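One structure is given below, encoded as structure tokens.
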Number of protein chains: 2
Amino acid sequence: MSQPSGPFFENMPADLLQELHRTGSLRTFAPGETLFYEEDRADQLLAIIEGRVRVWRTSPRGAAMTVHLLGPGALPGAAAVFGGMVYPAPPTAITDVRTLGWPIERAENMLQENAWLASSVLKIIAHRNEEMLQRLHEVSTQPVEQRVARTLLRVAPEPANFTPATRQELAELSATTLHTVSRIISRWEADGLVDAGRRRIRIADRSGLAQRADPVCG
Amino acid sequence: MSQPSGPFFENMPADLLQELHRTGSLRTFAPGETLFYEEDRADQLLAIIEGRVRVWRTSPRGAAMTVHLLGPGALPGAAAVFGGMVYPAPPTAITDVRTLGWPIERAENMLQENAWLASSVLKIIAHRNEEMLQRLHEVSTQPVEQRVARTLLRVAPEPANFTPATRQELAELSATTLHTVSRIISRWEADGLVDAGRRRIRIADRSGLAQRADPVCG
DNA sequence: GCCCTTCTTTGACGGATATCAAATTCAGCG
DNA sequence: CGCTGAATTTGATATCCGTCAAAGAAGGGC
């Protein structure tokens with residue numbers, strides 16, 4: 001078994017990693033499959049080992065938004081699990097995905113007995129909180145171009161500076177439409193800031209893009 | 001000492017309540033005072049016993065938004081405390097406020113030793129997560145009037161159906177301007193849905209307002 | 001290699017809301 | 001009881017961005 005990467009597994013003690021592998025149930029999902037359903041009782045802690053996942057939410061009327069794009073080391077629905085709630089938004093696989101899952105009782109026991117694990121999970125939840133807060137602030141106060149710039153900086157982190165997201169996904173993450181995103185990306189490409197393709201965007205000039213994300217304060 | 005109310009204290013075992021009072025440090029804040037500052041290391045768990053608090057965030061350029069309006073039983077900054085982060089947004093007192101605070105090490109110990117407490121705190125954090133997610137969705141997909149309606153339903157809960165919020169605060173919670181909020185409230189008042197005044201709004205027809213929050217699906 | 005689906009680009013247009021501006025009302029306080 | 005500053009209301013105007021429409025690319029499968 002290969003060492004999984006990402007926030008949850010990063011720096012994890014080897015013995016804990018082994019125990020997690022031993023006690024968790026491995027599942028695989030093909031692109032398009034749903035990991036769990038909104039409104040289901042959150043009875044299982046899930047960790048993504050490999051693959052990309054889109055977390056999305058729709059209103060009764062069908063207005064969709066992408067809540068997160070998650071990769072290895074993410075814990076979709078973790079807050080709901082420990083908060084005793086229903087899952088807030090369904091995650092669906094974009095690529096082939098492998099996950100490890102633990103029933104909620106076992107997860108709670110593990111957290112109680114292992115301080116490192118508890119702290120790691122809380123950090124991940126707190127980080128998600130902070131990210132949502134920031135996005136809320138952006139959507140409330142910033143014009144579209146800045147929001148898209150920030151979204152892109154977020155989903156194409158260093159050092160890869162790359163993301164396989166569609167325009168539609170970027171739009172939903174930025175609270176706008178794919179048309180507007182497309183126009184903006186085209187302009188940026190003409191300005192040499194990014195290098196775009198189908199389902200593919202690479203940041204060519206990260207500091208230039210950061211400028212667009214916050215024209216005044218750099 | 002009177003029994004404090006709100007999410008955190010609701011249904012709390014009497015002995016735990018006593019211990020919390022005994023070990024925590026009580027502080028008071030006058031209107032306008034700040035409970036803690038953004039960017040400070042989150043080294044203290046704070047619980048609001050009494051009073052109203054506005055949590056807000058500004059960008060370097062001054063664009064402000066109100067993140068939450070909190071009352072008794074809220075735990076401002078809790079996610080940051082347990083996630084080992086800095087406080088994400090400063091809470092300032094609107095009314096006279098009394099809080100109980102515990103240093104982070106003590107808070108962690110208490111949670112480790114008391115499952116009821118741990119579960120309660122996690123529920124509060126998870127609930128905040130869910131609320132932010134919902135607001136993000138609203139801001140991304142719904143027109144202004146619906147957003148304001150939902151905000152109002154949220155900040156003026158049953159049975160009081162009342163909130164002492166200003167138009168400006170409602171605007172920042174709804175990602176719009178006070179002008180737009182004012183126009184909308186005026187219209188609602190003419191339609192008999194609310195009963196508004198200075199720093200004061202009461203919902204007169206809750207189901208009618210819910211209609212405005214979601215015209216199609218009621 | 002060709003078709004067919006999915007994704008992307010681009011243009012024209014309209015409308016929901018922010019912005020600008022000014023008057024009005026209200027509450028607290030001396 | 002009038003003053004004063006804050007909160008609110010209302011109108012006119014401008015504009016960003018979503019909507020509508022249609023035409024390209026770019027893979028993927030057969």
Side-chain angles (χ1 to χ4, degrees), chain A residues 30-32 52 54 59 61-66 69 92 94-96 138-149 151-152 163-191 194-202 212 215, chain B residues 30-32 54 59 61-66 69 94-96 138-149 151-152 163-191 194-202 212 215:
Chain A
R52 283 167 40 81
R54 186 168 85 100
S59 68
R61 214 163 23 286
M65 83 165 294
T66 296
L69 294 178
T92 65
I94 297 178
T95 64
D96 282 309
E138 289 170 16
V139 173
S140 304
T141 64
Q142 296 176 358
V144 179
E145 182 169 9
Q146 296 178 33
R147 298 204 306 267
V148 177
T151 299
L152 194 52
T163 179
T166 65
R167 306 290 184 273
Q168 176 73 38
E169 281 164 353
L170 290 179
E172 289 179 12
L173 285 168
S174 311
T176 181
T177 62
L178 85 158
H179 307 272
T180 298
V181 168
S182 177
R183 283 179 236 272
I184 289 172
I185 300 277
S186 296
R187 201 172 339 133
W188 286 347
E189 194 160 29
D191 295 352
V194 301
D195 166 18
R198 190 188 176 83
R199 276 176 173 281
R200 188 184 69 75
I201 297 176
R202 208 178 51 75
R212 304 296 172 105
Chain B
R54 186 168 85 100
S59 67
R61 212 162 25 287
M65 83 165 295
T66 296
L69 294 178
I94 297 177
T95 64
D96 282 310
E138 289 169 17
V139 173
S140 303
T141 64
Q142 296 176 358
V144 178
E145 182 169 10
Q146 297 179 31
R147 298 204 305 266
V148 177
T151 299
L152 195 51
T163 179
T166 64
R167 307 288 183 276
Q168 175 73 40
E169 280 164 354
L170 290 180
E172 289 178 12
L173 284 168
S174 310
T176 179
T177 63
L178 84 159
H179 307 271
T180 298
V181 168
S182 177
R183 282 179 235 272
I184 290 173
I185 301 275
S186 297
R187 204 177 331 140
W188 286 348
E189 195 160 28
D191 296 350
V194 302
D195 167 19
R198 192 187 176 82
R199 273 176 174 283
R200 187 186 69 76
I201 297 175
R202 208 178 50 76
R212 305 296 172 106

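What you see is a predicted model, and the numbers here were worked out from it, not measured in a lab.
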Exercise for review: Check the pair B:R167 / B:H179 against side chain to side chain contact (heavy atoms under 4.5 Å, CB included), numbers first and verdict last.
Suggested key: CA-CA 8 Å; B:R167 307 288 183 276; B:H179 307 271; over 6 Å; no
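- The CG-P distance, from A:L170 to C:dT8, rounds to 9 Å in whole Å.
- Backbone-only engagement by A:T166 is indicated by non-hydrogen atom pairs under 4.0 Å involving sugar-phosphate atoms exclusively.
- With C:dA18, C:dT9, D:dG18 as the choices, the nucleotide that has an atom nearest any side-chain atom of A:S186 turns out to be C:dT9.
- When the nucleotides C:dT25, C:dT8, D:dG18 are ranked by their closest atom to the side chain of B:R198, C:dT25 comes out on top.
- For the OP1/OP2 pair of D:dG18 and a distance below 4.0 Å, the side-chain nitrogens and oxygens of A:T177 include at least one atom meeting the criterion.
- Judged purely by atom type and a 3.5 angstrom limit, A:S59 uses its side chain to pair as donor or acceptor with the backbone of A:A63.
- The CD1 atom of A:I184 sits 9 Å away from the C1' atom of D:dC17 (whole-angstrom rounding).
- Of the candidate nucleotides D:dT10, D:dG18, C:dT8, D:dT10 has the atom lying nearest to any side-chain atom of B:H179.
- The residue among A:P143 and B:R199 whose nearest nucleotide of DNA chain D is located toward the 5' end is B:R199.
- Straight-line distance from the CD atom of A:E172 to the P atom of D:dG18: 13 Å, rounded to whole Å.
- Between A:T176 and the phosphate of D:dG18, there is a side-chain N or O to OP1/OP2 separation shorter than 4.0 Å.
- For B:R167, whose side chain is taken as the heavy atoms from C-beta onward, the closest listed nucleotide among D:dT19, D:dT8, C:dT10 is D:dT8.
- Residue A:Q168 contributes atom CD, which lies 14 Å from atom C1' of D:dT19 at whole-angstrom precision.
- A sub-4.0 Å separation between OP1 or OP2 of D:dC17 and a side-chain N or O of A:T180 is absent.
- Spacing between atom CZ of B:R200 and atom C1' of C:dG28 amounts to 17 Å, rounded to whole angstrom units.
- A:I185 comes within 4.0 angstrom of no nucleic acid atom, judged by non-hydrogen atoms across all strands.
- Side chain of A:T180 to backbone of A:T176: no donor-acceptor contact under 3.5 angstrom is found.
- Of the candidate nucleotides D:dT8, D:dG11, D:dG18, D:dG11 has the atom lying nearest to any side-chain atom of B:R183.
- Taking atom CD on B:Q142 and atom P on D:dG18, their separation rounds to 15 Å, with Å as the unit.
- We find that CH2 of B:W188 is positioned 16 Å from C1' of D:dT8, with the value rounded to whole Å.
- For the 3.5 Å distance criterion, the side chains of A:R54 and A:T66 qualify, holding a donor opposite an acceptor.
- A distance-only check finds no donor-acceptor pair linking the side chain of B:S182 to the backbone of B:L178 [under 3.5 Å].
- The CG atom of A:L178 sits 12 Å away from the C1' atom of C:dT6 (whole-angstrom rounding).
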